[in-house]
Visitor: 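Here it is, the structure, as structure tokens.
Convention: sequence-line order gives letters A, B, ...; per-chain numbering from 1. The basis for the numbers below is simple: all heavy atoms, side chains too, and nothing from hydrogens, waters or symmetry mates. For clarity, every value in this text was computed on a predicted model and none was experimentally measured.
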Amino acid sequence: MEIGAPRGTKDILPASSLHWQYVEAMVRAICRTYAYQEIRTPVFEHTELFQRGIGETTDIVSKEMYTFTDRGGRSVTLRPENTAAVVRAYLENKLYSAPQPTKLFYVGPMFRYDRPQAGRLRQFHQFGVEAIGAKGPGIDAEIILLAQQFFHRLGLKDLKLYINSVGCPKCRPVYRTRLQQALRDKLPELCDDCRSRFDRNPMRILDCKNEKCNELSQGVPEMTDCLCEECATHLTELKSLLTAAGAKYELNPRLVRGLDYYTKTAFEIQYPPLGAQSAVCGGGRYDGLIEEIGGDQTPGIGFAIGLERVLLALEKQGILADTKESIIVYIAVADKNCQPLAFNMLTKMRQAKIACDMDYLDRSLKAQFKQANRNMARFVAVIGEAEAAQNKVAVKDMQSGEQFLMTAEDFIEKILAEMEDDGLRWTQC
RNA sequence: GUGGCUGUGGUGAAGUGGUUAACACGACGGAUUGUGGCUCCGUUACUCGAGGGUUCGAUUCCCUCCAGUCACCCCA
């Protein structure tokens, strides 16, 4: 094998594409019940959009972007996440002139130049939701519930929902300073990472996995103690809404989001068995983002769910069955010169929307039966000289083993009748 | 980007410094004359991740690279 798939990318083969379809169907179903509509934005954008939207100092922008110069000399970037792009599309297409809020969802590939490991790929897929134009905590609760219900409907258990408030431009700087004051004299004892975080993003020190750092940060003021009145009320109301909806959550004052644009509500859903990459959903409010990208001050909130991680979780819980799409009929050719006749019948069946297949490798009749069996065909229709002479086919029911001689037309009719009974008929597209 | 572990056929895996690289599954073919799922038989690695050494000789020893994996970082 000379050329393999690029590092951190994966082919999704038929065995698992059915699982993907299952999850994607759930995405559409849940969004339908919560009244979110699909938006599809380009997979690449002007680099500047992400630099401004996500923040120059973030890891994503500073070291994880797939950026290149196109033939026209423009710097473009494969989207590392989709919120900035959705907001861009919202402004560019003037979606704000429609009744608000604008409730959108998306599913698609994202790209981050990271070192791959289980649950972390360079091309991965996210399902995300954005509600733009509502500032109250009600929409926050709706979005969190949507995410929770998504997992619930898929059948996932043992998920943990953490919520927090990361404040706003009024109270966060105050907290930041207080935090730095509290940690300043402990600085030499912190790990290397935390020392570099001290200036850039001191709140990150609070969820450092290093035990020493963890110990040192005990007793330090929490964000939730330093919120301004508006942010504090927002959080209180959100909590009571979640409780009213019967949602189980845990307040985690040390939950931080990695992207610059978050304000107020931040939340994360984890599936602990996934190990280091256990976050399956991350989201929060971004009241400053739209202005940053050039719109009027407009509130927004959203989340992103990593679909590869969802699939891993489903696998871990044994929810994904080994499935294969079956066919209704396999047409077997007993004499080579009957192939045109068989092919004609195959075509007619397909026009009648009956899932069927036949052999193109000139296999023996026995081998064709084996093939039919593997494809889980309900019936095998044998066409040979004997059948052709009578203008009929030999239809074998692969479950009962019974075999009948009938015309192709009668056979098609019989199947169509059964399909209606069994609900086997494929849905119309 | 940093560190640990790993890399044998389509898959799961044995194995050794020196003729023909176990075994299992799968795939393909066959078990008398046109019929599957069970059973039986046969076939299926002329680069043992790639490149370079050491050696009379390396799949087995060394180096580099690549890939996977786990952890860190970060995040979905």
Visitor: What is the nucleic acid contact for Q403(A), judged by heavy atoms within less than 4.0 Å: base, sugar-phosphate only, or nothing?
Guide: base
Visitor: Between F68(A) and F44(A), what is the ring plane arrangement, given parallel below 30°, perpendicular above 60°, and tilted in between?
Guide: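 Answer is tilted, since the angle falls between 30° and 60°.
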Visitor: Phosphate oxygens OP1/OP2 of rG36(B): is one of them under 4.0 Å from a side-chain N or O of K366(A)?
Guide: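 Yes, within the criterion.
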Visitor: Of the listed nucleotides (rA76(B), rU35(B), rA71(B)), which one gets closest to any side-chain atom of L365(A)?
Guide: rU35(B)
Visitor: Is there a side-chain contact between Q371(A) and the phosphate of rC28(B), meaning an N or O under 4.0 Å from OP1 or OP2?
Guide: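 Affirmative; the distance criterion is met.
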Visitor: Go through rU35(B), rU2(B), rC74(B) for me and flag the one nearest to the V382(A) side chain.
Guide: rU35(B)
Visitor: To the nearest Å, give me how far apart CZ (R79(A)) and P (rA76(B)) are.
Guide: 15 Å
Visitor: By nearest atom, which of the nucleotides rU2(B), rG34(B), rG29(B) is closest to the A334(A) side chain?
Guide: rG34(B)
Visitor: What does G401(A) touch in the nucleic acid at a heavy-atom separation under 4.0 angstrom: a base, only the sugar-phosphate, or nothing?
Guide: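 Base, at least one base heavy atom under 4.0 Å.
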Visitor: Distance between the C1' atoms of rC56(B) and rU43(B), in whole angstroms?
Guide: 37 Å
Visitor: Taking the P atom of each, how far is rG26(B) from rC70(B), in whole Å?
Guide: 29 Å
Visitor: Identify which nucleotide among rG37(B), rC72(B), rU69(B) has an atom closest to any side-chain atom of N373(A), counting heavy atoms from C-beta outward.
Guide: rG37(B)
Visitor: Considering only atom C1', compute the distance from rC74(B) to rC65(B) and round it to an integer number of Å.
Guide: 26 Å
Visitor: Does any donor atom in the side chain of S75(A) or T69(A) lie under 3.5 Å from an acceptor atom in the other side chain?
Guide: no
Visitor: Please determine, for the side chain of R374(A), which listed nucleotide (rA27(B), rC74(B), rA76(B)) has the closest atom?
Guide: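 Among rA27(B), rC74(B), rA76(B), the one nearest the side chain of R374(A) is rA27(B).
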Visitor: Name the closest nucleotide to the K396(A) side chain, picking from rG36(B), rG34(B), rC74(B).
Guide: rG36(B)
Visitor: Quick one: is R363(A) getting a side-chain N or O under 4.0 Å of the rC28(B) phosphate, OP1 or OP2?
Guide: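 Yes, such a contact exists.
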Visitor: Take atom P in rG37(B) and the same atom in rA27(B), then report the distance between them in whole Å.
Guide: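 One P to the other, the span is 11 Å.
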Visitor: From C-beta outward on M398(A), which listed nucleotide comes closest to its side chain: rG36(B), rU2(B), rA76(B)?
Guide: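 That would be rG36(B).
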Visitor: What's A394(A) touching, base or sugar-phosphate or nothing? Going by heavy atoms closer than 4.0 Å.
Guide: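 Counting heavy atoms under 4.0 Å across all strands, no contact is made by A394(A).
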Visitor: Work out how far the C1' atom of rC62(B) is from that of rU54(B), and round it to whole angstrom.
Guide: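 rC62(B) and rU54(B) have their C1' atoms separated by 7 Å.
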Visitor: Please state whether the phosphate of rU69(B), meaning OP1 or OP2, lies under 4.0 angstrom from any side-chain nitrogen or oxygen of R7(A).
Guide: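 Indeed not, no polar side-chain atom of R7(A) lies that close.
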Visitor: So G8(A), base contact, sugar-phosphate only, or nothing? Heavy-atom distance under 4.0 Å.
Guide: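 It contacts sugar-phosphate atoms only.
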Visitor: Please report the distance separating the P of rA50(B) from the corresponding atom of rA67(B), rounded so that it comes out in whole Å.
Guide: 15 Å
Visitor: Does the ring pair (Phe, Tyr, Trp, His ring centres under 6.0 Å) test come out yes or no for F127(A) and F150(A), once each step is laid out?
Guide: CA-CA 11 Å; F127(A) 153 43; F150(A) 172 69; 5.1 Å; yes
Visitor: From the list rG68(B), rA76(B), rG1(B), which nucleotide is the closest neighbour of the side chain of R115(A)?
Guide: rG1(B)
Visitor: Does a side chain donor of either T83(A) or E130(A) reach within less than 3.5 Å of an acceptor in the other side chain?
Guide: yes
Visitor: By nearest atom, which of the nucleotides rC73(B), rA71(B), rG36(B) is closest to the K63(A) side chain?
Guide: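 Between rC73(B), rA71(B), rG36(B), the one nearest the side chain of K63(A) would be rC73(B).
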Visitor: Quick check: does any side chain N or O of R112(A) sit under 3.5 Å from a backbone N or O of Q123(A), one acting as donor and the other as acceptor?
Guide: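 Between the backbone of Q123(A) and the side chain of R112(A) there is no qualifying donor-acceptor contact (under 3.5 Å).
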Visitor: Rounding to an integer number of angstrom, what distance separates rA14(B) and rU60(B) when you compare their C1' atoms?
Guide: 14 Å
Visitor: Figure out the CD1/P separation between I60(A) and rA76(B), and round it to whole Å.
Guide: 6 Å
Visitor: Return whichever of F124(A) or K10(A) has its heavy-atom-nearest nucleotide of RNA chain B closer to the 5' end.
Guide: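 Result of the comparison: K10(A).
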Visitor: Let's see if you can work this out: which of rC74(B), rG34(B), rG37(B) has an atom nearest to the side-chain heavy atoms of A386(A)?
Guide: rG34(B)
Visitor: Work out how far the C1' atom of rC38(B) is from that of rG51(B), and round it to whole angstrom.
Guide: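 Per the computed distance, 49 Å lies between those C1' atoms.
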Visitor: Please check the phosphate of rG34(B) (OP1 and OP2 only) for any side-chain N or O of S364(A) closer than 4.0 Å.
Guide: no
Visitor: Does Q117(A) place a side-chain N or O at less than 4.0 Å from the phosphate oxygens OP1/OP2 of rG68(B)?
Guide: no
Visitor: By the 4.0 Å heavy-atom rule, please label E268(A) as base, sugar-phosphate, or nothing.
Guide: nothing
Visitor: Could you tell me if Q277(A) and Q117(A) have a donor-acceptor pair between their side chains, going purely by distance under 3.5 Å?
Guide: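 Side chains of Q117(A) and Q277(A): pair found under 3.5 Å.
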Visitor: Which ranges of RNA chain B pair up as stems, where a stem means three or more consecutive Watson-Crick or G-U pairs with both distances under 3.5 Å?
Guide: B:1-7 with B:66-72, B:10-12 with B:23-25, B:26-31 with B:39-44, B:49-53 with B:61-65
Visitor: Determine whether the side chains of T407(A) and D410(A) contain a donor N or O and an acceptor N or O closer than 3.5 Å.
Guide: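 A donor-acceptor contact under 3.5 Å links the two side chains.
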